[in-house]
Visitor: 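Below is one structure. I have some questions about it.
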Amino acid sequence: MKLATWNVNSLKVRLPHVLAWLAENPVDVLCLQELKMDHPVFPLAEIEAAGYRAVWYGQKTYNGVAILTRAPLEGEAVVTGIPGFEDEQRRVIAATVNGVRVICAYVVNGEAVGSAKFEYKMAWLAALERYVAEELARHPALALLGDYNIAPEDRDVYDPEAWHEKVLCSTPERAAFQRLCALGLSDAFRLFNQEDKQYSWWDYRAMMFRRNLGLRIDHILITEALKARAAGCEIDRTPRKWERPSDHTPVVLTLSQ
DNA sequence: ATGGTTGATCCTCAA
């Protein structure tokens with residue numbers, strides 16, 4: 001079983017990329033973030049024609065998340081948003097696929113440390129932590145995939161000095177990431193030997209991708225039950241090289257069975 | 001040098 005996550009930065013623009021990538025990488029689960037698309041205009045027909053089912057939580061202009069699966073989704077277990085957390089921004093959707101609880105999350109960017117948006121980011125992360133803790137009590141096999149907008153360590157940053165205590169890299173954000181891990185989750189990418197300087201996002205500006213100046217901010221966190229099945233985790237830079245790419249590229253987890 | 005680009009919308013905002 002393969003699970004992947006990809007911030008597509010507008011599904012309208014990136015649908016051809018998603019379909020082309022799925023044709024080459026027929027993963028079982030693909031979590032998408034930043035659909036930037038109103039709920040009713042989701043391109044379900046094109047996705048079904050590619051052999052996938054989908055659940056989504058769309059929003060005009062901003063945010064929006066989806067889970068694409070090859071297998072049927074189990075029952076009525078689809079949950080949108082963070083239960084109990086009032087949020088106008090549509091950033092979370094959860095579903096159960098092949099016995100795995102899949103939570104797809106688009107974490108708040110936060111703009112700058114100390115800004116109002118940063119305060120929202122930290123409150124949002126606290127709500128996510130509580131939600132995931134509740135889900136873990138019910139689902140031993142759980143994966144939390146998405147754009148975390150957090151680079152967990154300096155080795156996930158092309159220039160740690162330039163980014164020192166900047167948004168995406170600050171101590172409180174990294175502490176929030178560690179609190180999620182402390183619930184019993186592991187960063188799947190770091191379970192395996194990896195080449196240095198592997199990132200999942202590169203700013204569109206200043207030819208950052210060509211110079212490989214990026215951050216690793218897209219992650220797949222998994223429970224012990226899935227860790228026992230984890231066979232590999234890779235960042236696929238290929239779509240970032242395509243014409244008119246998203247600024248993020250997919251991260252893929254392979255499970256045995 | 002506080003720069004640069006992209007997407008959605010309506011020209012500025014968010015990333």
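Within every chain, numbering begins at 1; the chains are lettered A, B, ... in the order of the sequence lines, protein sequences first and strands thereafter.
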Visitor: What integer distance in Å separates A:F209:CZ from B:dG4:P?
Guide: 22 Å
Visitor: For the pair A:H248 and A:W201, name the ring-plane relationship: parallel under 30°, tilted 30 to 60°, perpendicular over 60°.
Guide: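 Taking A:W201 first and then A:H248, their aromatic rings sit tilted (interplane angle of 30° to 60°).
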Visitor: Could you pick out which residue, A:V108 or A:P245, lies toward the 5' side of DNA chain B when each is mapped onto its nearest nucleotide?
Guide: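 Its nearest nucleotide lies further toward 5', so the answer is A:P245.
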Visitor: Figure out the CG/P separation between A:D203 and B:dG7, and round it to whole Å.
Guide: 13 Å
Visitor: Rounding to a whole Å, what distance do you find between A:N7:CG and B:dA15:P?
Guide: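 Going from A:N7 (CG) to B:dA15 (P), I get 11 Å.
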Visitor: The side chain of A:R205 lies closest to which of these nucleotides: B:dG7, B:dG4, B:dA8?
Guide: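 It is B:dG4.
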Visitor: Does A:R14 put a side-chain nitrogen or oxygen below 4.0 Å from OP1 or OP2 of B:dT6?
Guide: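 So the side-chain polar atoms of A:R14 never come under 4.0 Å of the phosphate oxygens OP1 or OP2 of B:dT6.
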Visitor: Can A:Y204 and A:N9 be counted as having a side-chain donor-acceptor contact under 3.5 angstrom?
Guide: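 Yes.
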Visitor: Calculate the interatomic distance between A:M207 atom CE and B:dG4 atom P; express it in whole Å.
Guide: 13 Å
Visitor: Using side-chain contact (heavy atoms from CB on, under 4.5 Å) as the criterion, list what pairs up with A:E119, not counting sequence neighbours.
Guide: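 side-chain contact (heavy atoms from CB on, under 4.5 Å) list for A:E119, sorted by chain: empty.
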Visitor: For the ring pair A:F177 and A:Y148, is the centre-to-centre distance below 6.0 Å?
Guide: yes
Visitor: Using distance alone, with no hydrogens and no angle criterion, decide if A:R91 and A:N63 have a side-chain donor and acceptor under 3.5 Å apart.
Guide: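 Yes - a donor-acceptor pair under 3.5 Å links their side chains.
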Visitor: B:dA15 P sits how many Å from A:Q89 CD, rounded?
Guide: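 Rounding to the nearest Å, CD of A:Q89 and P of B:dA15 are 7 Å apart.
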Visitor: Can you tabulate the close N/O pairs, meaning under 3.5 Å, that link protein atoms to atoms of nucleotides 12-14 of chain B?
Guide:
from: B:dA14; atom 1: OP2; to: A:K117; atom 2: NZ; distance (Å): 3.0
from: B:dA14; atom 1: O5'; to: A:K117; atom 2: NZ; distance (Å): 3.2

Visitor: Could you tell me the separation between the OH atom of A:Y204 and the C1' atom of B:dG7, rounded to a whole number of Å?
Guide: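 The answer, rounded to whole Å, is 8 Å.
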Visitor: Please state whether the phosphate of B:dT6, meaning OP1 or OP2, lies under 4.0 angstrom from any side-chain nitrogen or oxygen of A:S10.
Guide: no
Visitor: Which whole-number value in Å describes the distance from A:D159 CG to B:dT2 P?
Guide: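 My rounded result for the distance is 19 Å.
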Visitor: C1' atom, B:dG4 versus B:dA15: distance in rounded Å?
Guide: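 The same atom, C1', in both gives a distance of 13 Å.
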Visitor: Rounded to the nearest Å, what distance is computed from the CZ atom of residue A:R90 to the C1' atom of nucleotide B:dA8?
Guide: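 Taking atom C1' of B:dA8 as the reference, CZ of A:R90 is at 17 Å.
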Visitor: Mind checking what makes side-chain hydrogen bond (donor to acceptor under 3.5 Å, both in side chains) contact with A:N149, not counting sequence neighbours?
Guide: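 side-chain hydrogen bond (donor to acceptor under 3.5 Å, both in side chains) check on A:N149 returns nothing, list empty.
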Visitor: Look at the side-chain N and O atoms of A:R244 and state whether any lies under 4.0 Å from the OP1 or OP2 oxygen of B:dT5.
Guide: no
Visitor: Taking all non-hydrogen atoms of both residues, which atom of A:I150 and which atom of A:H219 are closest, and how far apart?
Guide: O-NE2, 2.8 Å
Visitor: Find which nucleotide of DNA chain B each of A:L35 and A:A206 is nearest to by heavy atoms, and output the residue with the more 5' nucleotide.
Guide: A:A206
